[in-house]
Colleague: 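Below: one structure in structure tokens.
All values below were derived from every heavy atom in this structure, side-chain atoms included, with hydrogens, water molecules and symmetry-related copies excluded.
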Amino acid sequence: GAYLGEVGGRFDHFVSVFIVTKQFDRQIAEIENTELDSQEKTDTIEELERLKAIDHQQNSYIGRIGQTIQPILAPLGFDWKMSVSLLTGMAAKEALSERLKQDRNAEGNLVFTPLIAISLMLFVLIYFPCIATISAIVNESGSWKWGIFVIIYTCVLAWIVSFIVYQTGNFFVGLFS
């Protein structure tokens with residue numbers, strides 16, 4: 001019973017992603033067959049491809065995890081995609097750079113205001129370097145307690161510093177605008 005429920009849930013997720021992907025593909029095919037000029041066609045197709053990629057990210061497992069932890073990181077100015085980036089950054093900080101290339105959200109608005117960028121840079125600077133570093137700490141100390149302590153301490157410290165910077169910045173931006 002439980003196994004079938006788990007498999008059924010995964011199958012439902014696959015089917016919903018497949019249907020959404022097919023809808024984007026159908027829209028792209030319709031655009032290609034219209035009488036628009038080539039530049040307008042290209043722009044529209046690129047926008048549909050971008051929206052398709054965003055939808056795929058949002059409905060992936062890591063996207064769902066990012067959306068789950070996003071309320072914790074929202075006071076720092078981070079959206080769910082930044083939450084995903086921070087999760088992937090745990091494996092290697094270099095993974096964060098891929099997210100930084102996406103500077104607009106689904107509505108086409110800038111994601112990184114200077115204040116959000118500073119908040120994100122501070123968080124990334126302070127939270128633990130990567131899993132390999134934690135593994136080295138555990139090996140050197142001979143205890144998982146130190147590894148867990150470093151993860152919790154650096155994440156909490158990073159959250160507090162980013163919170164203070166972002167909220168203080170928002171206060172002054174609101175005061176002078």
Colleague: To the nearest 0.5 Å, how far apart are CG in Leu122 and CG in Leu157?
Modeller: 10.5 Å

Colleague: Got a list of side-chain donor-acceptor pairs under 3.5 Å for residues 125-138, not counting sequence neighbours?
Modeller:
| from | atom 1 | to | atom 2 | distance (Å) |
| --- | --- | --- | --- | --- |
| Tyr127 | OH | Leu86 | O | 2.8 |

Colleague: Any chance you could measure Ser162, atom OG, to Ile116, atom CD1, to the nearest 0.5 Å?
Modeller: 11.5 Å

Colleague: May I ask you to list the residues sharing a hydrophobic cluster with Leu175, side-chain cutoff 4.5 Å, ordered by chain and number?
Modeller: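 When side chains under 4.5 Å apart are linked, the cluster holding Leu175 also contains Phe171, Phe172, Phe176.
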
Colleague: Which heavy atom of Phe78 sits nearest a heavy atom of Ser119, and at what distance?
Modeller: CE2-OG, 3.6 Å

Colleague: Please say yes or no: joined through hydrophobic side-chain contacts below 4.5 Å, possibly via intermediate residues, are Leu120 and Val173 part of one cluster?
Modeller: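 Unlinked, Leu120 and Val173 end up in two clusters.
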
Colleague: For the side chain of Trp159 and the backbone of Ile72, is there at least one donor-acceptor N/O pair under 3.5 Å apart?
Modeller: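 Checking the backbone N and O of Ile72 against the side chain of Trp159, a donor-acceptor pair under 3.5 Å is found.
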
Colleague: Less than 4.5 Å apart, any side-chain heavy atom of Leu76 and any of Met82?
Modeller: no

Colleague: Taking all heavy atoms of Cys155 and all of Phe123, pick out the closest pair and write down the distance.
Modeller: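 Answer, listing the atom of Cys155 first, then Phe123: O-CE1, 4.1 Å.
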
Colleague: For Trp144, enumerate each residue passing the ring pair (Phe, Tyr, Trp, His ring centres under 6.0 Å) test, keeping only those at least two apart in sequence or located in another chain.
Modeller: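 Partners of Trp144 under the ring pair (Phe, Tyr, Trp, His ring centres under 6.0 Å) test: none.
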
Colleague: Only counting residues at least two apart or in another chain, list the ones meeting side chain to side chain contact (heavy atoms under 4.5 Å, CB included) with Ile69.
Modeller: Leu73, Ser83, Leu87

Colleague: Is the backbone of Arg64 close enough, under 3.5 Å, to the side chain of Thr68 for a donor and an acceptor to pair up by distance?
Modeller: yes

Colleague: The criterion is side chain to side chain contact (heavy atoms under 4.5 Å, CB included); which residues satisfy it with Ile148, sequence neighbours excluded?
Modeller: Ile152

Colleague: Holding to ring pair (Phe, Tyr, Trp, His ring centres under 6.0 Å), I want the full list of residues that pass it with Tyr153, two or more places apart in sequence or in another chain.
Modeller: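 Listed in chain order: Phe149.
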
Colleague: Which heavy-atom pair separates Gln70 from Trp80 by the least distance, and what is that distance?
Modeller: CG-N, 3.3 Å

Colleague: Only counting residues at least two apart or in another chain, list the ones meeting ring pair (Phe, Tyr, Trp, His ring centres under 6.0 Å) with Tyr166.
Modeller: none

